[in-house]
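Notes follow the structure.
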Amino acid sequence: QYFFEDIRGSLLDAMQALRVEMILDPGAQQAGSSAGGGGEALAGAHKMLLQGLHAAKGFLGHREQHRALALFELCVDFAEHLRSSGRPGAERFFVLLARMSLGDAYAQFRKYTEATAVLEEAVIGGLLGEGQHGDDGTAAATVAVAPSERVLEGACCTVLCRVQLDLAEEAHNAGDEAARSSR
């Protein structure tokens with residue numbers, strides 16, 4: 001109980017600190033990793049996100065559905081918040097990682113609709129295609145996508161395929177059961 005509350009509280013505190021920093025010094029967003037303090041804060045945020053994902057995976061392993069899903073959802077929110085802050089860094093990587101983890105957790109708890117929505121948003125929603133337009137809306141050069149982001153995109157596709165196969169198997173089993181009961 002206390003461990004869950006500590007991790008959850010730390011994630012919420014880090015997200016609140018990032019919001020306050022964005023409000024107080026919006027110009028630091030672009031300079032984030034080049035300035036000494038900004039880079040350390042960003043590295044700390046990434047570390048906190050990874051700790052949250054690690055803890056959620058632990059709760060998932062112990063089949064503690066509510067705690068696991070609560071932490072995974074909070075990690076997705078935190079990763080999205082980091083991405084929307086405009087700071088340089090591997091935010092797309094962390095958003096994909098958090099979404100893949102949440103989608104996998106939903107799938108393990110047989111929440112296929114939620115899993116499909118989260119994973120499709122990661123893969124189809126264009127997370128890797130963002131930033132392809134300039135500030136004035138004109139097309140800009142294509143953003144280079146890191147190999148690690150491509151790997152996570154593939155992992156999201158893999159989990160999404162597994163969800164679709166599980167749905168098909170459930171439909172097939174339901175059809176077989178209905179046929180047996182009608183005899």
Side-chain angles (χ1 to χ4, degrees), residues 3-4 7-8 10-12 14-15 18-19 42-43 45-133 139-140 142-177:
F3 178 70
F4 171 77
I7 294 291
R8 185 176 169 275
S10 296
L11 283 168
L12 289 171
M15 200 167 4
L18 189 61
R19 281 188 192 121
L42 188 59
H46 290 160
K47 183 178 178 183
M48 178 55 57
L49 178 62
L50 291 173
Q51 287 175 345
L53 289 170
H54 183 73
K57 192 72 171 169
F59 284 118
L60 181 64
H62 285 93
R63 305 293 294 172
E64 295 187 45
Q65 179 178 2
H66 295 293
R67 288 182 179 170
L69 292 178
L71 283 179
F72 278 129
E73 288 168 353
L74 187 57
C75 287
V76 168
D77 290 344
F78 188 53
E80 289 285 352
H81 192 70
L82 278 171
R83 183 175 59 110
S84 68
S85 72
R87 293 184 174 277
E91 280 72 26
R92 290 182 292 187
F93 172 85
F94 288 103
V95 170
L96 286 169
L97 180 63
R99 286 192 175 280
M100 190 244 344
S101 299
L102 177 59
D104 184 52
Y106 278 140
Q108 287 187 32
F109 290 120
R110 305 174 70 86
K111 295 180 175 248
Y112 298 124
T113 304
E114 293 90 340
T116 301
V118 167
L119 294 165
E120 282 181 347
E121 189 170 342
V123 175
I124 299 169
L127 283 176
L128 295 179
E130 68 186 21
Q132 294 182 356
H133 298 284
T142 303
V143 174
V145 177
S148 58
E149 293 169 351
R150 289 286 183 213
V151 168
L152 280 174
E153 185 181 37
C156 287
C157 288
T158 301
V159 175
L160 185 58
C161 288
R162 192 184 80 224
V163 167
Q164 297 303 316
L165 287 172
D166 288 348
L167 281 170
E169 184 178 334
E170 276 190 3
H172 179 72
N173 291 342
D176 286 349
E177 197 170 299

Quiz prompt | Contact summary for G103 and V159, nearest pair of heavy atoms | solution = C-CG1, 4.1 Å
Quiz item: How long is the span from the CG atom in L152 to the SG atom in C157, to the nearest 0.5 Å?
Solution: 11.0 Å
Quiz prompt | Residues forming a side chain to side chain contact (heavy atoms under 4.5 Å, CB included) with C75, sequence neighbours excluded | solution = L11, L49, L53
Exercise. Kindly indicate whether the side chain of E149, heavy atoms from C-beta on, has any atom under 4.5 Å from the side chain of F94.
Key: no
Quiz item: Who passes side chain to side chain contact (heavy atoms under 4.5 Å, CB included) against S148, sequence neighbours left out?
Solution: F93, A146
Quiz item: Out of curiosity, D166 CG to Q108 CD, how far, rounded to the nearest 0.5 Å?
Solution: 10.5 Å
Quiz item: How would you list, by chain and number, every residue that makes a side-chain hydrogen bond (donor to acceptor under 3.5 Å, both in side chains) with E114, sequence neighbours excluded?
Solution: none
Quiz item: If every non-hydrogen atom of V163 is compared with every non-hydrogen atom of A107, which pair is closest and at what distance?
Solution: CG2-CB, 3.6 Å
Exercise. Please identify each residue that fulfils side chain to side chain contact (heavy atoms under 4.5 Å, CB included) with A155, with sequence neighbours left out.
Key: M100
Quiz prompt | Min side-chain heavy-atom separation Q51-S10 under 4.5 Å | solution = no
Quiz prompt | Test item: V123 and R99 side chains (from C-beta on) under 4.5 Å apart, heavy atoms | solution = no
Quiz item: Are the side chains of V76 and V118 in touch, meaning some heavy atoms are under 4.5 Å apart?
Solution: no
Quiz item: Do you know the tightest heavy-atom contact between A68 and A56?
Solution: CB-O, 3.7 Å
Quiz prompt | E153 side, atom CD; L119 side, atom CG - distance, nearest 0.5 Å | solution = 12.0 Å
Practice problem: Just do the side chain to side chain contact (heavy atoms under 4.5 Å, CB included) check on H46 and L82 with the steps written out, would you? | Solution: CA-CA 9 Å; H46 290 160; L82 278 171; 3.8 Å; yes
Self-check item: Under the side-chain hydrogen bond (donor to acceptor under 3.5 Å, both in side chains) test, residues paired with Q65 that sit two or more places apart
Solution: none
Quiz item: Looking at side-chain heavy atoms only, is the closest gap between L74 and I7 below 4.5 Å?
Solution: no
Quiz item: Measuring from F59:CZ to L69:CG, what's the distance to the nearest 0.5 Å?
Solution: 12.0 Å
Exercise. Calculate, to the nearest 0.5 Å, the distance between atoms CZ and CZ belonging to R83 and F78 respectively.
Key: 14.0 Å
Quiz item: Nearest 0.5 Å, what's the CD-CG distance between E121 and L102?
Solution: 10.5 Å
Quiz prompt | Pairwise salt bridge (charged side-chain N to carboxylate O under 4.0 Å, His left out) hits with a residue in residues 53-65, at least two apart | solution = K57-D104, E64-R67
Self-check item: Sequence-distant partners of H66, side-chain hydrogen bond (donor to acceptor under 3.5 Å, both in side chains), two or more places apart
Solution: none
Quiz item: Is there a side-chain contact between F72 and L60, using heavy atoms and a 4.5 Å cut-off?
Solution: yes
